[in-house]
Amino acid sequence: MELVFKATTRGGAHTISVFDDGGIYGGKDRYSIYTDWSTDYADTKDEVLAAIFFAVFDGTRYTKVETDLLGISSRLVDIVKTFDTKYKYLEKEPKGSNARTLYFDIVRCVKNNLREGVPVQDIFNKIDESLLKMGFSKVA
């Protein structure tokens, strides 16, 4: 097993680590993704990127990348910055509101599309189109 990605929170309290284990643990999954609270498996870099993106929006912002042999950290930073610029305002809506629920639906949508290898700009364009159709005018 080789460590191919590792990031921590600013103070180092939380860590996400990705190991390339070559799929030796049953099946096709090549990468093992470990966080403080879970383990996930992925077969492609896109799936790893999606899992890390989702972990960022699960309440832990990993800001210090220590190892990145996959070359995904700059993509991740760009995706998170764009996401925050476009949709962060929805997270600030009252808990239980439709807008706040929509925020988490968008997080899952981005994650699922990243897993499938959909180009990032296409993902955001489709979300923006959907939001406009739903009557949201604040799309950055």
Side-chain angles (χ1 to χ4, degrees):
M1 276 189 6
E2 177 185 13
L3 178 68
V4 293
F5 185 89
K6 181 178 180 181
T8 62
T9 54
R10 183 169 293 152
H14 302 283
T15 302
I16 187 164
S17 301
V18 179
F19 291 90
D20 183 344
D21 58 30
I24 60 173
Y25 295 114
K28 65 178 186 140
D29 293 325
R30 176 178 178 175
Y31 302 103
S32 299
I33 305 161
Y34 300 99
T35 63
D36 296 330
W37 58 89
S38 69
T39 301
D40 199 359
Y41 301 95
D43 192 44
T44 66
K45 288 181 188 180
D46 288 332
E47 291 176 4
V48 171
L49 180 64
I52 294 171
F53 171 81
F54 196 65
V56 166
F57 286 93
D58 199 24
T60 307
R61 292 284 174 131
Y62 301 98
T63 56
K64 183 179 178 190
V65 176
E66 296 177 8
T67 304
D68 183 12
L69 300 180
L70 297 175
I72 61 173
S73 60
S74 62
R75 284 183 64 200
L76 178 65
V77 168
D78 290 343
I79 293 167
V80 171
K81 282 182 181 179
T82 302
F83 187 95
D84 283 348
T85 299
K86 290 177 167 286
Y87 314 117
K88 187 74 169 176
Y89 74 97
L90 293 169
E91 183 189 31
K92 297 175 183 176
E93 295 294 318
K95 290 184 179 182
S97 69
N98 288 337
R100 187 167 165 98
T101 301
L102 180 61
Y103 172 81
F104 293 103
D105 289 343
I106 293 171
V107 170
R108 286 187 292 277
C109 175
V110 171
K111 178 192 95 168
N112 291 337
N113 280 274
L114 287 174
R115 280 184 71 84
E116 299 297 320
V118 176
V120 174
Q121 194 56 52
D122 290 352
I123 297 169
F124 288 131
N125 287 343
K126 288 177 185 177
I127 293 169
D128 291 347
E129 288 173 18
S130 296
L131 288 174
L132 289 173
K133 288 179 183 175
M134 295 170 69
F136 288 89
S137 60
K138 187 177 182 182
V139 177

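Not measured: the values here are computed from a predicted model.
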(request) Working to the nearest 0.5 Å, report the span between OG of Ser17 and OH of Tyr34. (result) 9.5 Å
(message) Can you list everything that forms a salt bridge (Lys or Arg N to Asp or Glu O under 4.0 Å) with Asp84? Sequence neighbours excluded, please.
(response) Arg61
(request) Could you tell me the separation between the CD1 atom of Ile79 and the CZ atom of Phe124, rounded to the nearest 0.5 Å? (result) 6.5 Å
(message) Ignoring hydrogens, what is the shortest heavy-atom contact between Ala55 and Tyr62? Give both atom names and the distance.
(response) CB-CE1, 4.1 Å
(message) Suppose the criterion is ring-ring contact (aromatic ring centres under 6.0 Å, His included): which pairs have a residue in residues 65-84, not counting sequence neighbours?
(response) Phe53-Phe83, Phe57-Phe83, Phe83-Tyr87, Phe83-Tyr103
Enumerate donor-acceptor pairs with a distance under 3.5 Å from any side-chain N or O in residues 3-15 to protein atoms, sequence neighbours excluded.
| from | atom 1 | to | atom 2 | distance (Å) |
| --- | --- | --- | --- | --- |
| Thr9 | OG1 | Ala13 | N | 3.2 |
| Thr9 | OG1 | His14 | N | 3.1 |
| His14 | ND1 | Asp36 | OD2 | 2.5 |

(request) Indicate whether the side chain of Thr35 and that of Ser38 have a donor and an acceptor atom separated by less than 3.5 Å. (result) yes
(message) Please enumerate all residues that pass side chain to side chain donor-acceptor pair (under 3.5 Å) together with Glu2, with sequence neighbours excluded.
(response) none
(request) Not counting sequence neighbours, which residues clear side-chain contact (heavy atoms from CB on, under 4.5 Å) with Glu93? List them please. (result) Ser97, Ala99, Arg100
(message) Just verifying a value: how many Å separate Ile52 CD1 and Ile16 CD1, rounded to the nearest 0.5 Å?
(response) 5.0 Å
(request) Could you tell me whether Asp21 and Arg30 have a side-chain N and a carboxylate O separated by less than 4.0 Å? (result) no
Run the side-chain donor-acceptor check on residues 107-116: report pairs under 3.5 Å with partners two or more places apart or on a different chain.
| from | atom 1 | to | atom 2 | distance (Å) |
| --- | --- | --- | --- | --- |
| Arg108 | NH2 | Asp105 | OD1 | 2.5 |
| Asn112 | ND2 | Arg108 | O | 3.3 |
| Asn113 | ND2 | Cys109 | O | 2.8 |

(request) Go through the structure and list residues passing side-chain contact (heavy atoms from CB on, under 4.5 Å) with Ser74, not counting sequence neighbours. (result) none
(message) Does Ile33 form a side-chain contact (heavy atoms from CB on, under 4.5 Å) with Thr39? I'd like the steps, not just the answer.
(response) CA-CA 6 Å; Ile33 305 161; Thr39 301; over 6 Å; no
(message) Between Leu102 and Leu131, does the side-chain contact (heavy atoms from CB on, under 4.5 Å) criterion hold? Intermediate values first, please.
(response) CA-CA 9 Å; Leu102 180 61; Leu131 288 174; 3.3 Å; yes
(message) Which residues pass the ring-ring contact (aromatic ring centres under 6.0 Å, His included) test with Phe104, not counting sequence neighbours?
(response) none
(message) What's the separation between atom CD in Gln121 and atom NZ in Lys126, rounded to the nearest 0.5 Å?
(response) 12.0 Å
(request) Kindly compute the distance separating CG (Leu132) from CD1 (Ile127), expressed to the nearest 0.5 Å. (result) 12.0 Å
(request) Give a yes or no on whether the backbone of Tyr31 and the side-chain of Asp20 come within a donor-acceptor separation of less than 3.5 Å. (result) no
(request) Output every pair passing salt bridge (Lys or Arg N to Asp or Glu O under 4.0 Å) with a member in residues 70-83, not counting sequence neighbours, ordered by first then second residue. (result) Asp46-Arg75
(request) Would you give the length of the straight line joining atom CG of Leu69 to atom NZ of Lys45, rounded to the nearest 0.5 angstrom? (result) 9.5 Å
(request) List for me each residue that meets side chain to side chain donor-acceptor pair (under 3.5 Å) alongside Asn98, sequence neighbours excluded, and say none if there are none. (result) none
(request) Sequence neighbours left out, what passes salt bridge (Lys or Arg N to Asp or Glu O under 4.0 Å) with Lys88? Give chain and number order. (result) Glu91
